[in-house]
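Data first, discussion second: the structure below is written as structure tokens.
No experiment lies behind these values; they were computed from the predicted model shown.
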Amino acid sequence: MNRKKRMGAFFLACGLMLTTFFGAVPVSAAGQSEAGKIVDGSLLTTESEVQDTKTILTRGNYLARGSAELSNLGNRVLGIAGSTTCHSVCDTVICNMYLEYLDEETGAWNSYEYWNSSDTGVYSHTVYYEQEVEGGHWYRLCGGHIAIKNQDIESTTTMTNGIWVD
């Protein structure tokens, strides 16, 4: 009888260890292990904040800079910031932000949410949003930055690296 108790305790301990081990591994561990990989131009990083800025150095143009920044604020909330800056006051300044997530099955970035925003008679337009997202995915932010003056249209795009959200 004593031997049966010890065998039962042994199997119970083994079962608890296996349950603890496999229970502690998050479902998304395979995705997070992809850090360091480049997918469609975006590096999958372990950073909690990523940004991309394109500066236009050509003189005589209207568009000066476009910027996009993505921050993991915790609790599955992302901070989305973008700005479009011009050399002078323009008729219309546009800053569009596109949040994308990585579909790990297809390896493609898919649209998650987007925001179109513009202002008139300004030289700069800045936006900020907070977006609740699903955990277990990589996210990146793309920006469309446009300056319009006297029917001339200038544009640039930005694209951040990817960040993981548990």
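Rounding to the nearest 0.5 Å gives a distance of 9.5 Å between OG1 of Thr160 and CE of Met97. Considering OG1 of Thr157 and NE2 of His145, their distance stands at 7.5 Å, rounded to 0.5 Å. Taking OH from Tyr139 and CG from Asn72, the interatomic distance works out to 10.0 Å, rounded to the nearest 0.5 Å. In this structure, OG1 on Thr92 lies 10.0 Å from CD1 on Ile146, to the nearest 0.5 angstrom. Put simply, CG on Leu63 and CG on Asp152 are 12.0 Å apart, with the number rounded to the nearest 0.5 Å. Expressed to the nearest 0.5 Å, how far CG of Asp119 lies from OG of Ser124 amounts to 9.5 Å.
Both Trp115 and Leu70 are assigned to one and the same hydrophobic cluster, defined by single-linkage of ILVMFWY side chains at heavy-atom distances under 4.5 Å. Leu78 and Tyr128 are members of different hydrophobic clusters when ILVMFWY side chains are connected at heavy-atom separations under 4.5 Å. Linking Ile, Leu, Val, Met, Phe, Trp and Tyr whenever their side-chain heavy atoms come within less than 4.5 Å leaves Val122 and Val89 in two separate clusters.
Residue-environment remark: OH (Tyr112) exceeds the threshold of 12 foreign heavy atoms within 6.0 Å. Within 6.0 Å of OH in Tyr114 there are 12 or fewer heavy atoms belonging to other residues, nucleotides or ligands. Atom CG of Asn110 has more than 12 heavy atoms from other residues, nucleotides or ligands within 6.0 Å.
In terms of heavy atoms, Ile94 sits closest to Thr84 at O-OG1, 2.8 Å. Contact between Glu105 and Asp103 at its shortest, heavy atoms only, is N-OD1, 3.0 Å. Nearest heavy atom pair, residue Ser42 against residue Met159, reads OG-CG, 3.7 Å. Considering every non-hydrogen atom in both Asn96 and Asn116, the closest pair reads OD1-CA, 3.1 Å. Across all their heavy atoms, Ala68 and Thr158 have their closest contact at CB-OG1, 3.3 Å. In terms of heavy atoms, Cys90 sits closest to Val93 at CB-CG2, 3.9 Å.
In this structure, Leu99 and Gln131 have side chains that are in contact, with non-hydrogen atoms separated by less than 4.5 Å. Taking the side chain as every heavy atom from C-beta outward, Val127 and Ile80 never approach each other to under 4.5 Å. Two residues are said to be in side-chain contact when any heavy atoms from C-beta on lie closer than 4.5 Å; Lys149 and Ser88 meet this criterion. You'll find the side chain of Val133 stays beyond 4.5 Å of the side chain of Glu113, heavy atoms only. Looking only at side-chain heavy atoms (C-beta outward), Tyr62 and His87 stay at 4.5 Å or farther from each other.
Not one N or O on the side chain of Ser67 forms a donor-acceptor pair closer than 3.5 Å with the backbone of Gly82.
Counting only residues at least two apart or on different chains, the ring pair (Phe, Tyr, Trp, His ring centres under 6.0 Å) pairs with a member in residues 88-109 are Tyr101-His137.
A donor atom on one side chain and an acceptor atom on the other are found under 3.5 Å apart for Ser117 and His125. Ser83 and Thr126 are not linked by any side-chain donor-acceptor pair at a separation below 3.5 angstrom, with hydrogens and angles left out of the test. Using modelled atom types and a 3.5 Å distance limit, the side chains of Arg65 and Thr55 yield no donor-acceptor pair.
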Assess the residue pair Arg76 and Asp166 against the criterion (salt bridge (Lys or Arg N to Asp or Glu O under 4.0 Å)); give the C-alpha distance rounded to whole Å, side-chain angles, the decisive distance to 0.1 Å, and a yes or no. CA-CA 7 Å; Arg76 297 183 176 168; Asp166 282 325; over 6 Å; no
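Qualifying side-chain hydrogen bond (donor to acceptor under 3.5 Å, both in side chains) partners for Thr85, counting only residues two or more places apart in sequence or in other chains: none.
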For residues 43-50, please give each side-chain donor-acceptor pair under 3.5 Å, one per line with the distance, not counting sequence neighbours.
residue: Thr45; atom: OG1; partner: Glu47; partner atom: N; Å: 3.3
residue: Thr45; atom: OG1; partner: Gly162; partner atom: O; Å: 3.0
residue: Glu49; atom: OE1; partner: Ser71; partner atom: OG; Å: 3.4

